[in-house]
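So that we are looking at the same thing, I have put the structure below in C-alpha cells.
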Amino acid sequence: MIRTDIIVLGAGVVGVSTALHLQKRGRSVALVDRRGVAEETSYGNTGIIQREGVVPYPFPRNPWLIGKYALNLLPESNLHWSAVPNIAPWLYRYWRASTPAGIAATARAMWPLIERCVAEHETLMLDAGIAGVVRRTGYLRVYRSPQALAAARAKDEADRIAYGVKFEAADAGALEPHLKGELAGATLMPEPVSVADPGGVVRAYASLFEERGGRVVRGDAQTLKRVAGAWSVDAAEEPIEAPAVVVAMGPWSDDAFRQLGYRFPLGVKRGYHMHFKPVGNAALSRPVIDAENGYVLTPMLRGIRLTTGVEFALRDAPATPVQLDRAEPLARQIFPLGERVDAHPWLGRRPCLPDMLPIVGHTARHEGLWFNFGHHHLGFTLGPVTGRLLAEMMTGEAPFTDPAPYRADRFHERW
Ligand SMILES: Cc1cc2nc3c(=O)[nH]c(=O)nc-3n(C[C@H](O)[C@H](O)[C@H](O)COP(=O)(O)OP(=O)(O)OC[C@H]3O[C@@H](n4cnc5c(N)ncnc54)[C@H](O)[C@@H]3O)c2cc1C
C-alpha cells in the first residue's frame, strides 16, 4: 500500500498541473492514469494558450443557424442524431446558458483565469526547462467574405470594449506568405501564444513533477473507494491511499463521480485532427483559423495539424471524422497542404459543462473529495491556472481569485 497526501486522478494537462501545484505547496502526490501522461485530449488539441478567450463558445440562438447545425450542413459541426435522446438535456442547459446575459456572466467568471493563463504556463515552462517552446505570434483568423469579416469585426470591437480583448486588422499575406486563395481579410489576435506540441509540454510538466519526487502511476479511477476515512485506488503495483483525492479526468470525470452519486451535467464536444505535410517549403508561423468554416491549421512538430470544430455525439461512440473530410478540401484552398501524415484521424473530447465554466472545488458531501474538470475548449489554456487555484483551496492558502463561480454545487445536483 502506497500512502500519500493526495491522489490526483487523470494525467492530462489539468491533472498534471494540479499535481505540480500541490507538490509546490509541500504535499506528497500520486498522479494516477489508466494510460500514459497526456495521451488523450491534452495530446491532440490545437496548442493555443488562449489569452484572448474570455468570451465562451455559446450554443447558437439563431433558429436558422441551429437548423443548419441540426442538418449537418456546416463543416464546423457534426451531430449524431442517434445521440440526441441522451445529450438533449445537456444541450438544452447549454442553450439556456447561452443567452447574452449568460455569456456575459461566464465571460466575467473567465476573466481572472484567462488573465493569468500565459503567465501560469510560463512559470511551469521555466521550471520544466522548456521556456523556449512558446510561440509569441498570436493567431490569425481569415475571412472569405466581406460580410463575415464585417460581422466579426463588430463582435471583436464589442469584446474589446467589454473585456479588453485585443485584435488587429491584419494583412494575411504579409504575416503568412504561403496562404493563398481569395481572402476578404484577416484579424490577428496578438495576445494568445501557441506551442508546436501540447502533449510534449504536459509531458515536460510531468517529468518536473517526477524529478521533484512525485509519483506517476498506472491505475483505474473506477476503483476509487472510501475506506476507513481515506480514499483508495487500485494501481498497477499496489493500492494507493490518501486522505484527499482530486478528480481531474476531463471527459471521463463522470466515471469517477457517478459511482459516488454525483450527477454533474458533463457533456463532450468531440473534435478531430490530422497532420499534413506542407508542399515544398510552405510553412505557417502561427495557427490560422478559417473563421467561416470552423477549422484551424497549426504548425506542429508532426506537420500542419488540421483540427476540426465540434461533434455532438456520445463520448464513446465510434469515430466519424466526416468534418475532416469536409474541411480538408477547404483547407487546400487556402494553404498548400501535401499528403496526410497520420494513419487515422485523432479523436478528442472537450469536457463541457453547460455554463462553459469548469468545476474547481469540492462538495460538503464527501470529505477530501475535490474536482477540477470541465475545461471545455480551453483546457490547455486553463490547466495551470486552475491547478494553482485548486491547490490553493486544498492547502488553505488565500486563493488568487474568488472560486465561487466554479463551485461544484452551482448545478444544484442531488445525490
Ligand atoms: C480538436 C481540439 C482542439 C483543442 N484546442 C485547444 C486549444 O487550442 N487550446 C486549449 O486551451 N484547449 C484546446 N482544446 C481543449 C483541451 O484539449 C481540453 O480542454 C483539455 O485537454 C482537457 O484536459 P484534461 O486534463 O481535463 O483532460 P484529458 O487531457 O483528456 O485527460 C484526462 C485523463 O484522464 C485519464 N482517464 C480517463 N479515464 C480514466 C480512468 N478510469 N482511470 C484513470 N485515468 C483515466 C485519461 O487517460 C486522460 O489522461 C481542444 C480540444 C480539442 C478536442
Side-chain angles (χ1 to χ4, degrees), residues 7-19 31-53 57 76 113-114 117-118 121 139 192-195 198-199 201-203 205-206 216-224 233-236 246-259 266 268-274 287 289 294-296 298 300 305-311 315-316 321 323-324 327 345-353 356 358-360 371-387:
I7 301 168
V8 175
L9 300 172
V13 65
V14 175
V16 171
S17 303
T18 305
L31 182 58
V32 178
D33 201 294
R34 64 180 174 188
R35 300 189 59 179
V37 169
E39 290 189 3
E40 293 283 1
T41 334
S42 299
Y43 155 73
N45 58 61
T46 307
I48 310 176
I49 302 173
Q50 290 197 240
R51 177 62 182 77
E52 90 303 349
Y57 297 94
E76 68 249 38
L113 304 180
I114 289 290
C117 66
V118 174
H121 260 289
Y139 71 71
V193 301
S194 63
V195 300
V201 169
V202 180
R203 284 195 302 279
Y205 294 170
V216 180
V217 184
R218 294 266 170 159
D220 188 346
Q222 295 192 61
T223 63
L224 179 68
V233 125
D234 294 345
V246 180
V247 176
M249 289 148 55
W252 293 275
S253 296
D254 50 355
D255 289 347
F257 66 65
R258 270 180 190 274
Q259 57 174 340
L266 181 68
V268 296
K269 290 191 210 169
R270 308 199 318 175
Y272 297 86
H273 87 212
M274 170 58 65
I289 301 180
Y295 68 86
V296 191
T298 307
M300 291 281 182
R305 180 178 287 183
L306 191 166
T307 41
T308 69
V310 301
E311 182 173 69
R315 183 189 69 190
D316 301 326
Q323 285 165 282
L324 262 183
W346 170 83
L347 164 63
R349 301 148 179 95
R350 302 171 182 92
C352 298
L353 293 155
M356 301 157 275
I359 289 180
V360 186
F371 303 113
N372 195 358
F373 64 84
H375 293 64
H376 57 105
H377 291 250
L378 296 183
F380 185 60
T381 301
L382 299 177
V385 71
T386 59

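In listed order, ligands and their atoms are each counted from 1. Numbering of residues begins at 1 and proceeds along the displayed sequence. Bear in mind that the values here come from a model prediction, so they are computed numbers and not experimental data. Side chains are part of it too, since the values below use all heavy atoms of this structure and drop only hydrogens, waters and symmetry mates.
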Quick check on contacts: which atoms of ligand 1 are under 4.0 angstrom from a heavy atom of Val13?
23 (O), 25 (O)

Winner among Ala38, Ser42, Gly12 once heavy atoms are compared against atom 22 (C) of ligand 1:
Ser42

Atom indices of ligand 1 within 4.0 angstrom of Asp220 heavy atoms, with elements:
40 (C), 41 (N), 42 (N)

Treating His273 as the side-chain partner and Arg305 as the backbone partner, does any N or O pair qualify as donor plus acceptor under 3.5 Å?
no

Is there any N or O on Gly44 that sits under 3.5 Å from an N or O of ligand 1?
no

Looking only at heavy atoms, the pair that brings Val13 and Gly379 closest together is CG1-O, 3.3 Å

Got an N/O contact under 3.5 Å between Ile48 and ligand 1?
yes

Gly10 neighbourhood, listing ligand 1 atoms whose heavy-atom distance to it stays under 4.0 Å
33 (C), 34 (O)

Does any non-hydrogen side-chain atom of Leu347 lie less than 4.5 Å from one of Pro321?
no

At what distance is the nearest protein heavy atom to atom 26 (O) of ligand 1, and which residue and atom is it?
Gly250 CA, 3.2 Å

Indicate yes or no for a side-chain donor-acceptor contact from Ser17 to the backbone of Val14 under 3.5 Å, with no hydrogens or angles considered.
no

Less than 3.5 Å between some nitrogen or oxygen of Trp346 and one of ligand 1, yes or no?
no

To which protein heavy atom is atom 50 (C) of ligand 1 closest, and what is the distance rounded to 0.1 Å?
Asn45 CB, 3.3 Å

Protein heavy atom at shortest distance from atom 24 (P) of ligand 1
Val14 CG2, 3.8 Å

Is there any N or O on Gly271 that sits under 3.5 Å from an N or O of ligand 1?
no

Considering non-hydrogen atoms only, spot the tightest contact between Ala248 and Gly15 and give its length.
CB-CA, 3.8 Å

Does any non-hydrogen side-chain atom of Arg349 lie less than 4.5 Å from one of Glu40?
yes

Does an N or O from Thr381, backbone or side chain, lie closer than 3.5 Å to an N or O of ligand 1?
yes

Can you check whether Thr308 has an N/O within less than 3.5 Å of an N/O in ligand 1?
no

For Leu378, counting its heavy atoms only, list the atoms of ligand 1 lying under 4.0 Å from any of them.
10 (C), 11 (O), 12 (N)

Side-chain contact, heavy-atom cut-off 4.5 Å: Tyr57 with Val310?
no

Has the side chain of Thr308 got a donor or acceptor atom that lies under 3.5 Å from a matching backbone atom of Tyr272?
yes

Under 3.5 Å, is there a donor-acceptor pair between the side chain of His121 and the main chain of Phe380?
yes

Verify side chain to side chain contact (heavy atoms under 4.5 Å, CB included) between Leu266 and Leu353, making sure each step is shown before the conclusion.
CA-CA 5 Å; Leu266 181 68; Leu353 293 155; 4.3 Å; yes

Can you tell me the protein heavy atom closest to atom 30 (O) of ligand 1 and the distance?
Thr41 OG1, 2.5 Å

Can a donor-acceptor pair be found, under 3.5 Å and without considering hydrogens, that links the side chain of Thr307 to the backbone of Thr46?
no

Quick check: does Lys269 get an N/O under 3.5 Å from an N/O on ligand 1?
no

Here the pair of heavy atoms bringing Ala221 nearest to Gln259 is O-NE2, 3.4 Å

closest protein heavy atom to atom 2 (C) of ligand 1 is Arg350 NH2, 3.5 Å

Looking at ligand 1, does any of its N/O atoms fall within less than 3.5 Å of an N/O of Gly36?
no

May I ask you to check if ligand 1 and His376 share an N or O to N or O distance below 3.5 Å?
yes

At under 4.0 Å between heavy atoms, which part of Pro251 makes contact with ligand 1: side chain, backbone, both or neither?
side chain

Does Thr381 reach the main-chain N or O of Ile48 with its side chain, forming a donor-acceptor pair under 3.5 Å?
yes

Can you figure out which of Val296, Thr223, Thr46 has its heavy atom closest to atom 3 (C) of ligand 1?
Thr46

Selection from Val233, Leu224, Asp33 by shortest heavy-atom distance to atom 46 (C) of ligand 1
Asp33

How does Trp252 reach ligand 1, by side chain, by backbone, by both or by neither, if only non-hydrogen atoms under 4.0 Å count?
side chain

Quick check: Arg270 and ligand 1, any N/O pair under 3.5 Å apart?
no

